[in-house]
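Nothing fancy with the numbering, it's 1 onward along the sequence.
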Amino acid sequence: MERTGPTVRFSGLLAACSAGLIAAGALVATAPAAGAADTDLARNGGFEAGLDGWTCANSSGTAVTTPKRTGASALQATPAGNDHAKCSQSVTVKPNSTYTLSAWVQGGYVYLGASGTGTTDVSTWTQSPGAWKQLTTTFRTGPSTTSVSVYTHGWYGTPAYYADDLTLVGPGGDPVVVPAVPAGLKQTATTSTSVALSWNAVSGASGYHVYRGGTKVASVTGPSATVTGLTPSTAYSFQVTAANAAGESAKSAALSVTTGAGGGGGGAELPARALVGYLHASFANGSGYTRMADVPDSWDVINLAFGEPTSVTSGDIRFSLCPAAECPNVESEAEFKAAIKAKQAAGKKVLISIGGQNGQVQLNSTAARDAFVASVSKIIDTYGLDGLDIDFEGHSLSLNTGDTDFRNPTSPVIVNLISALKTLKAKYGSDFVLTMAPETFFVQLGYQFYGSGPWGGQDPRAGAYLPVIHALRDDLTLLHVQDYNSGPIMGLDNQYHTMGGADFHIAMTDMLLAGFPVAGDTTKVFPGLRPGQVAIGLPASPQAGNGHTAPAEVDKALDCLIKKTNCGSYRTHGTWSDLRGLMTWSINWDRFNNGEFSRNFDAYFGN
């Protein structure tokens with residue numbers, strides 16, 4: 001949120017991958033002739049049977065009839081975000097034996113390799129747009145190696161690649177047998193809308209399938225998974241199977257898990273459709289000052305902007321009314337407090353919002369955490385407020401190098417903020433309203449990038465709000481991401497979406513409700529929030545921020561998300577009929593713009 005006019009603050013990620021492309025090069029060679037006892041061990045290497053025998057990450061692969069080199073079809077796999085479209089197959093081999101791996105490929109960058117060899121894993125690559133080229137490499141298995149994984153993949157940010165006629169020539173191994181039934185199925189975490197599961201690894205398994213009530217809901221390569229999109233306070237039955245090239249095991253013993261009640265933060269007291277707005281209480285901005293008593297009745301949640309720290313790392317938050325020199329019509333403290341009570345008597349919620357564009361808050365220490373709790377409590381008590389809004393922007397939140405799992409954060413600024421908010425929630429109880437207003441860079445960008453990334457060099461703020469939202473999802477009343485001042489963001493359709501129209505709000509909101517793998521890692525899925533916890537954040541007027549959306553486009557977004565009509569090209573992953581409503585920056589800018597934003601909200605929902 002801004003004190004001044006609109007500016008784009010979307011940070012760019014550092015491109016670390018291009019150098020890796022150059023360094024990873026290898027030569028294309030011609031496959032040597034097979035020995036008399038050697039056979040082709042690859043299954044469905046011509047992709048004539050579709051993807052039978054193959055596993056492609058994030059459903060990135062498919063069999064296509066053109067282009068193909070021979071036969072009826074070939075593999076097409078499309079990199080998206082942080083995923084490079086790896087398609088792999090587990091092959092049974094003999095120990096201490098030599099194998100030749102070969103494939104014909106086409107694409108900007110295409111890799112062919114083998115892993116799990118027991119000696120030195122191998123790979124080779126080529127840049128072959130517009131022409132089929134043959135890649136070949138050889139390897140020797142170790143003394144106890146009985147299976148290897150052969151694979152192809154593309155590269156980040158490049159178009160689809162193609163592969164055909166893949167062979168693995170060498171001595172045949174012992175037959176693959178169906179793996180045993182997984183044991184030890186247990187829940188490792190439960191929220192109101194998700195269940196995290198784990199089980200014992202099974203020897204010989206190349207993957208696992210998760211079933212909910214007898215229906216397959218997830219396929220993973222390791223012995224854990226998170227099932228999302230569940231209903232609060234509901235019992236579910238889960239089973240898992242192990243699979244490999246020979247087939248799938250029987251289902252495990254069933255595990256019954258009941259999701260949490262959810263709905264914390266006093267959210268049940270909000271109207272079914274809520275309008276949230278920020279009130280410039282401590283400054284004027286070009287929109288002018290609006291007295292609390294003059295805030296229109298349309299606004300259900302009023303966020304006082306802003307509480308700011310005495311220094312970036314102090315954790316000591318202060319709030320005061322706009323100085324009379326800047327805001328000649330400012331009310332007195334007594335009038336302000338009385339107006340707050342009047343709003344609350346009319347059923348409105350009044351919160352203190354911490355941060356904003358200028359209020360950088362970094363809780364690097366437990367001392368800063370404790371100062372945050374004490375000072376925020378003092379503001380809430382002084383003005384008799386209903387709760388707290390977290391509007392951390394800029395460099396307030398970032399992830400330290402090596403902090404790669406949003407479910408178990410280790411960065412002090414993240415851990416201390418979570419602790420502080422849980423302490424405040426516990427202090428004020430179930431009626432405490434907790435909301436958050438992150439930018440897309442800190443949330444939805446996490447679908448592609450998280451922190452500094454596996455190789456470093458990325459912006460460490462990417463996706464940094466995700467661990468905070470996740471840890472507090474059962475205490476969170478509303479999340480209203482700022483769908484403005486944003487660069488293009490990739491949605492769940494693996495297409496980039498640009499702010500300013502219905503499409504952007506549909507795609508960004510759908511991600512919050514459906515959930516998504518963080519940085520493309522299907523073992524680390526951010527579970528979707530309940531629709532009642534989500535509002536769409538927009539600028540109230542063209543002057544309020546980059547990405548202003550015309551009322552007709554706002555209505556289209558609401559139609560698509562709530563009714564699944566008027567959706568355009570993007571298809572949502574559900575009909576989110578309980579979507580809570582809209583948030584805007586700001587009440588002042590809406591008043592400056594003759595109330596266009598709030599009037600459109602009231603008209604749409606018949607208020």
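The minimum heavy-atom distance linking C560 with N566 is given by the pair CB-O, 4.1 Å. Scanning all heavy atoms of the two residues, the minimum distance from F432 to T477 falls at O-OG1, 4.1 Å. Summarising the geometry of V443 relative to Y465, their closest heavy-atom pair is CG2-CB, 3.9 Å, with the distance given to 0.1 Å. The two residues P409 and I414 make their nearest non-hydrogen contact at CB-CG2, 3.8 Å. The two residues S88 and S149 come nearest to each other via the heavy atoms CB-OG, 3.7 Å. Nearest heavy atom pair, residue Q239 against residue A254, reads CG-CA, 3.7 Å.
Under the 4.5 Å side-chain criterion, counting only non-hydrogen atoms from C-beta, R473 is not in contact with R530. By the 4.5 Å heavy-atom criterion applied to side chains, I469 and F406 are not counted as neighbours. Counting heavy atoms from C-beta on, the side chains of S541 and E596 never come closer than 4.5 Å. Looking at heavy atoms from C-beta onward, L424 lies out of side-chain contact with L434 at the 4.5 angstrom threshold. The shortest side-chain heavy-atom distance between R212 and V195 does not fall under the 4.5 Å cut-off. Under the 4.5 Å side-chain criterion, counting only non-hydrogen atoms from C-beta, W585 is not in contact with H480. T55 has its side chain out of reach of S206: every pair of non-hydrogen atoms, C-beta onward, lies at least 4.5 Å apart. A 4.5 Å side-chain heavy-atom check between L478 and M583 finds every atom pair outside the cut-off.
Rounded to the nearest 0.5 angstrom, N303 CG and D391 CG are separated by 8.5 Å. Distance check: L255 CG to L185 CG gives 4.5 Å after rounding to the nearest 0.5 Å. How far CD of Q448 is from CD of Q458: 9.5 Å, rounded to the nearest 0.5 Å. Atom CG of L279 is separated from atom CG of D590 by 12.0 Å, given to the nearest 0.5 angstrom. R461 contributes atom CZ, which lies 13.0 Å from atom OG of S452 (distance to the nearest 0.5 angstrom). Here T241 contributes atom OG1 and W199 contributes atom CH2; the two are 9.0 Å apart, rounded to the nearest 0.5 Å.
Under the 3.5 Å distance criterion, with hydrogens and angles disregarded, a donor-acceptor pair is assigned to the side chains of D386 and Q344. Between the side chains of S298 and D602, a donor-acceptor pair is found at a separation under 3.5 Å. Between the side chains of D389 and T435, a donor-acceptor pair is found at a separation under 3.5 Å.
Note on ring orientation: taking the six-membered ring where Trp is involved, the planes of Y151 and H153 are parallel (angle under 30°, cut-offs 30° and 60°). Relative ring orientation between F306 and Y278 is described as tilted, the plane-to-plane angle lying within the 30° to 60° band.
Geometric assessment of R273 against the ring of F601 yields a negative cation-pi assignment under the 6.0 Å and 45° thresholds.
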Between Q76 and T62, is the side chain to side chain contact (heavy atoms under 4.5 Å, CB included) condition met? List the steps. CA-CA 5 Å; Q76 173 186 289; T62 186; 4.2 Å; yes
Under the side chain to side chain contact (heavy atoms under 4.5 Å, CB included) rule, what do L529 and L479 come out as? Steps first, then yes or no, please. CA-CA 9 Å; L529 296 169; L479 176 70; 3.5 Å; yes
For a side chain to side chain contact (heavy atoms under 4.5 Å, CB included) check, start with the C-alpha distance between L351 and L388, then their side-chain angles and the critical distance, and finish with the verdict. CA-CA 5 Å; L351 318 180; L388 171 66; 5.9 Å; no
